[in-house]
Amino acid sequence: MKKLLYKMPESLSGKEFTYCPGCHHGIVHRLIAEVIDELGIREKTLVVAPIGCSVFAYQFFNMDGTIAAHGRAPAVATGMKRARPDLYVFTYQGDGDLAAIGTAEIMHAANRGEKVTTIFINNAIYGMTGGQMAPTTLLGMKTTTTPYGRDAQKDGYPMHMCEFLKEAKGVAYLARTKVTTPQDVEKTKKAIKKAFLAQVKGIGFGLVEVLSTCPTNWGMDPISAMKWLEENMIPEYPLGVFIDKVGDEK
Amino acid sequence: MKKLLYKMPESLSGKEFTYCPGCHHGIVHRLIAEVIDELGIREKTLVVAPIGCSVFAYQFFNMDGTIAAHGRAPAVATGMKRARPDLYVFTYQGDGDLAAIGTAEIMHAANRGEKVTTIFINNAIYGMTGGQMAPTTLLGMKTTTTPYGRDAQKDGYPMHMCEFLKEAKGVAYLARTKVTTPQDVEKTKKAIKKAFLAQVKGIGFGLVEVLSTCPTNWGMDPISAMKWLEENMIPEYPLGVFIDKVGDEK
Amino acid sequence: MPKVKGYIEIDQERCKGCGLCIKACPTKVIDFSESFNSKGYHPAEAKYLDRCIACGFCYRMCPDVCITVYREE
Amino acid sequence: MPKVKGYIEIDQERCKGCGLCIKACPTKVIDFSESFNSKGYHPAEAKYLDRCIACGFCYRMCPDVCITVYREE
Amino acid sequence: MEKVMVKGTEAIGEAAIRAGCRHFFGYPITPQSELPEYMSKRLPEVDGVFLQTESEVATVNMLYGAACTGTRVMTSTSSPGFSLMMEGVSYMACAQLPAVFVNVVRGGPGLGDIQPAQGDYWQATKGGGHGDYKLIVLAPATVQEAVDLTVLAFDLADKYRTPTLILADGLLGQMMEPVEFPEFRDLSTLPDHSSWAMTGAKGRKPHIITSFDIDPYILEKMNLELVKKYREIEKNEVRWEEFKTEDADIVITAFGTVARIAKSVVEMARKDGLKVGLFRPITVWPFPYEPLKKLAEKVDLFFDVEMNMGQMLEDVKLAIGGEKPVAFYSRMGGVVPTPNEIYEALKKEFGRRE
Amino acid sequence: MEKVMVKGTEAIGEAAIRAGCRHFFGYPITPQSELPEYMSKRLPEVDGVFLQTESEVATVNMLYGAACTGTRVMTSTSSPGFSLMMEGVSYMACAQLPAVFVNVVRGGPGLGDIQPAQGDYWQATKGGGHGDYKLIVLAPATVQEAVDLTVLAFDLADKYRTPTLILADGLLGQMMEPVEFPEFRDLSTLPDHSSWAMTGAKGRKPHIITSFDIDPYILEKMNLELVKKYREIEKNEVRWEEFKTEDADIVITAFGTVARIAKSVVEMARKDGLKVGLFRPITVWPFPYEPLKKLAEKVDLFFDVEMNMGQMLEDVKLAIGGEKPVAFYSRMGGVVPTPNEIYEALKKEFGRRE
Amino acid sequence: MRFIFAGFGGQGVMLMGQILAYAGMIEGKNVTWMPSYGPEMRGGTANCTVVVSDEPVASPVVDKAETVVAMNIPSMIKFQNFLVENGYFFLNKSVIDREPDKKEDIKIYKIECNEIADKLGNLKVANMVMLGAVIGATKIVSKESVFKALEKKLTGKKAELIELNKKAIEEGMKKVSEQ
Amino acid sequence: MRFIFAGFGGQGVMLMGQILAYAGMIEGKNVTWMPSYGPEMRGGTANCTVVVSDEPVASPVVDKAETVVAMNIPSMIKFQNFLVENGYFFLNKSVIDREPDKKEDIKIYKIECNEIADKLGNLKVANMVMLGAVIGATKIVSKESVFKALEKKLTGKKAELIELNKKAIEEGMKKVSEQ
Ligand SMILES: Cc1ncc(C[n+]2csc(CCOP(=O)(O)OP(=O)(O)O)c2C)c(N)n1
Ligand SMILES: Cc1ncc(C[n+]2csc(CCOP(=O)(O)OP(=O)(O)O)c2C)c(N)n1
Ligand code: SF4
Ligand code: SF4
Ligand code: SF4
Ligand code: SF4
Ligand code: SF4
Ligand code: SF4
Ligand SMILES: [Mg+2]
Ligand SMILES: [Mg+2]
């Protein structure tokens, strides 16, 4: 007899992802869907897609959804949550969306302790628009707008959103993870679950930053991209749980 | 024989301030002017006024000046400095301007290490528009938009800009001060000088947050306002130097 | 300890041939197919299914949710 | 130690009567004037100038830069 | 209902609450801060939500979010603040989200000043945000009308699934006048949005709200749907007032605050035996082209008065189509014209043509 | 100069550099990211500054800052991004700051899509930001013209101390065509802004740049100064192209990309013996009202074609003033009409009127 | 009739105007009240305009007024030139220790509002003393209407102050009848 | 004449189109080149359209083409219906192991671009092999013009590759002349 262990979660629509081969967006989508399945809140959850490669996220999740203007997902989520505090709202955002144009909105949603959850994909690049520098691009890294490599003097430094956000009092859960190994994937799932629990339990704002690859714009195959992430992004963006007011699950 | 010790600095235009009686904006204006005088850079300095009670700052300083759109002074200053790196640029901003609508611009200017200087007046209120809640308003404080007192659950928490900004790698000098006693005034002046030196020496971004009174919108006389500041703002916003890459003056 | 016997299915039409599952599989069950799917990729194929221990690593790493994992009981 | 002798001038038309200088002065040189200035405020007045020690505290605290401080030498 | 004296801004706030609005997101700006202030006090009394936002950009996107759930929602701002909302307004128009905006216009452009002006007419009725969209734009001339149009704004927003805009100015916003408020709307009688709103996909297919489709042919369909809706609104919702136009030789065209002043001018002129009337668009979009065109048949001279460089003027000309002369008088920068100066200008113009 | 094949966006970038622009601030957005990308590579080669900003809101304010110093400065964006700049554009117009904006329009409203469209015509020429202001708006139809108009945009910006806008679309932005570039401008020959620019108040009174005065009477003066400037621009800077209009019975009105397509339609019609011509505004503001009005005297039918719901159409009608019929054909949402379909529509319209 | 009320913030000039407008409304007249607003109010001065009329009010903003009430010196200086011929100029004598420049062709009333209010036991009602003087002199609305307006406007905790305010108004009326 | 070049990102389809357009320009023709752009390109496919004409080009966007070049299967499937009657359909046989649905009234050329390029020592010039085939079959521009275009386009470090590219073009032309 075959016992089913792992399959497409119910909270995914089953529609094929539009991501490039090996792109980590897909892994994180699945994790979110698993968490929502496990919490049994699919029918009460609203997804706010960003603008970025994951602009189509509203099609991939099997729940009510919309797209926020670039960077404004936390504001959109705030509007939803304030109007319907009985529902659960999460935003899914890239590093251009969240750390560049959306800086004010994420900082203030966090500071207000808005009871929403944000999954933040840090791939150190603008994927959707073709590989321009993101605020999180590493120093020296070549992108289509830093053709000579990112130069701190001209282009500024990599931006550490978790480090900023840990100073916001409304944050209930905050962690940085990666998904380059099956073990990391499990850890990320746990973090995502806590970020949702922060909302479900009404404690406050929850955010998980997932360091991710963009094989296409990094100009690497998917496997090399993961290696590059390990070697270059981890030193700049140390993993860890920055804030945890959720406590351990029973 | 009378020896002149203290008088109106040259870097002030002499035009009467439009501030209410006892408002700390005036003290800080004078300190900036003194620092610019001492550095001998008046003729090479550009002032970017914000929108807030200090919207007229461009009239009060005796130098080329403009008003930035609400919250955007750091972007305006960036434009100026990038166009004319040989000049010195400073912005003067309130807590509504810098910590609410201008969050993204200040965070990114700091993160880029933009070689400009920002003086940030934190009076825990929107002065100019009539006493609405600012991001820095204390919990429980009554304002015209928190008539029942600021409630963390609804209105969020007081926002700590220095604590955020200390995580931005481009910052060369960062301090929080007050001006409620002559001694504090001197300390604030030293801090402002360092924030300018960070620019003059080309090290990076400098910012001084000055805790200030708004007697009018706090509904107090100027002296009580200072007492209130000491008793209520200091515990929430501890004074101190957060970053100092400038080193000590010879 | 009796070895757990696993079984996986790969939706090859959905697969984009990224190879993440191949890298993740501890027992080297999976490899690229020689043929193309209609997207033009060489999809992953469970070539040595008998080695599968149902650990789910492939599932966990697959960015396109192509893999279903079963345990033979 | 010979006491330093100070001297201050207050631009009373500019003054807004906030009282910060009065509070700051360690030797109580300053007090409010009884009369109004044209803005309608009771301006500060150096009523006991002989006590002034030229410390500059009044100048430092004045938000409207109304005060000039001299040392008699 | 008894009459009470209220400020224009607060009157709009109270009217919104009576219309069933329980959610207000806003950022302070003169001369409308009294409206968020009022809401911050009043909404908690009726179990509503007031949230002071971090900026106007955040505001419009919070409106977007709240409107997605089918909730009556509102904001208020003044000129520069409304400019910051343009991206979001365009998103909401395309996503067909009902919501009510208030722009208490002040002198512009740029920071301008805080005095009454009408320089945002074009922004409200034509451009503003990017792309092909329209807002229903209501321009009250009295505080009472501000109350009535606020209620209407919510109803039209829901009826057509579209953002609507109350275009006021600092004068109307700040002044107090006697008004009569409508009864409180029973919340359970508000329009049902369950067919499209995001309320949780329980036992049904997910509801998706977007302003986006990567395929231009589908986006074009979305555009055509909007156009169809706008034609419908143009057919049904044109509102205007005519005052002593029946026998008028000269008709003043004006909206909002200027129109109330122009009424005095009509009276002054009538006393002098001049047959002057007033044509006042209440909906500046949809603009009352047809009624104005009809009026043009029997009128000799139009006299358009605005507090801007001549913005509604173009719509007046479009309506009249070159048949009849249109003179123009304006004050700008926050200066409100007096009845006297308008009348003098009108007489001069009339004399010149005689 | 030899011809080279270049993309529209990159052609604009190179033209800007040749015109003496050394400062570019921008935020990526499709379909114009190639322009900031080009600048990021090219500007350092000529000691210029490229800065990728944190947002379009920051961008426009950086332009404001750079322009304050009297420096030639530019940005580029696409529809939603330009909407976010509306507050800043209004500030710059009022503060009389020269700068060049590029809007590579895409399908809208909202997020829309990334295909070519013309839905931002109103935003560019009328509303957009708050208050009474105008941008000089240049609408190129070929990559070569994009180059020429970019240089012109800088010169006009400086001449009139006003922001100018290149209104392009995704098609023009993305396509490659052969172009000839102008020579590099000698930077020392650029217009002198020392009388107003912020360069340090050395040995002179401070220079103050604002869009603000608390006194409405002074703000009104600032407004009137702007109006005067705009009248001047309307007098001097109207540009348009007429193609086979001399003997035309039908004239197509179109701008930008659609106009290049319409040229083919004219050829097709002429082959069939139909006397069709093309009127193409090059400056969509100032709009060529007078020349179009003059044309109306001898033309039977106007056929306005746009990639929007009929925006320039209003200006066409304002010019023609109801004398002659104006038919309209459009595609929306990023769909580019083919010569064929336009021609078919035109024939149908013509037939109907015959 | 057009009224300007001006003074320091905190002197209650806004309320004065509102009560007058309210009273006008109660009498079935067309009324508008318009405040100064924005940073004008910083530095502590405030003013409002009230129009009471039998016709609909065109503009609540005025550049001329039949009545100007100045509660402090800056207000007196700023608004003296708004007065029409034969206009009423009310000055708070308790604070204004000097003469206005404009003295001809107008009626000047100087009222020691603060002293009178002080005597009534609350400096805060100085404004109502002045309002009493204004309606006493101009007869624009009846005392009864003003009283009704007070009752409408002062609700909740403030209702306790109604009686005191009424007294202040009566004192003001008395004062002006003596002049 | 309208051309569509389509394939995986990395197969150099954009460059193919650009070289052709450049060559057209060199011959004094009116030319435009228009890429697919935006997220369409994600997932790795890319395409561009080239128009070479004696008249000014109205629109660089086409919904019909005289020539379609498909470097991979998805491109073949997507663009087969763009072909006009008697159009040219070029398929990269090295990657495309199946037949197009559309086969009637068109001329199909199957070229083993990858193998040929491989033999030349660099898989990257598979695109130039195909371009050679295209000009060989359609005669839209001369080989010389394409060579000149290559010299214009490949500058700096890339100039080393000019000779190899030329060879690839010649191989492609040869191949097509054999068919
Ligand atoms: C106002 C606005 N500006 C710019 C864009 C263009 N844009 C779309 S996605 C994007 C950045 C995407 O990068 P990121 O958020 O890092 O997401 P990723 O694609 O890397 O997952 C940009 C700049 C836009 N759609 N709207
Ligand atoms: C876009 C925009 N939104 C709002 C305003 C209105 N406004 C002017 S100043 C201000 C806040 C001032 O507060 P703060 O920055 O704290 O300065 P303060 O007056 O307290 O010194 C606001 C909201 C504006 N001018 N522009
Ligand atoms: S471009 Fe990068 S981030 Fe976007 S889908 Fe492809 S790999 Fe993922
Ligand atoms: S309102 Fe407050 S911050 Fe503004 S000038 Fe007055 S006291 Fe100062
Ligand atoms: S379940 Fe484990 S063993 Fe089986 S194929 Fe997947 S990774 Fe390999
Ligand atoms: S991880 Fe998924 S998409 Fe990648 S090769 Fe394996 S099955 Fe295919
Ligand atoms: S200088 Fe010092 S002692 Fe003299 S008046 Fe000022 S504070 Fe007093
Ligand atoms: S501190 Fe200055 S303004 Fe205040 S009372 Fe003293 S002199 Fe006057
Ligand atoms: Mg990214
Ligand atoms: Mg403040």
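Below, read A as the first sequence line, B as the second, and so on, with proteins coming before strands; counting in each chain starts at 1. The shown structure was predicted, so the numbers you read here are calculated from the model rather than taken from an experiment.
- We find the CG-NZ distance between A:Leu139 and B:Lys169 to be 7.0 Å, quoted to the nearest 0.5 Å.
- When heavy atoms are compared at a cutoff of 4.5 Å, B:Gln153 approaches chain A by way of both its backbone and its side chain.
- Heavy-atom distances place both the backbone and the side chain of B:Ala168 under 4.5 Å from chain A.
- Listed by first and then second residue, the salt bridge (charged side-chain N to carboxylate O under 4.0 Å, His left out) pairs that reach into residues 142-163 of chain B are B:Glu163-B:Arg176, sequence neighbours excluded.
- How far CE of A:Met161 is from CD of B:Glu167: 11.5 Å, rounded to the nearest 0.5 Å.
- Scanning both residues, B:Asn111 and A:Tyr157, for their nearest heavy atoms gives ND2-O, 2.7 Å.
- By the neighbour-count criterion of 12 heavy atoms within 6.0 Å, atom NZ of A:Lys166 is densely surrounded, having more than that number from other residues, nucleotides or ligands.
- Looking at A:Ala110, neither its backbone nor its side chain comes within 4.5 Å of chain B, counting heavy atoms on both sides.
- Chosen from A:Gly71, A:Ala104, A:Gly113, the residue pairing most often with chain B at heavy-atom distances under 4.5 Å is A:Ala104.
- Closest heavy-atom contact between B:Ala99 and A:His108: O-NE2, 2.8 Å.
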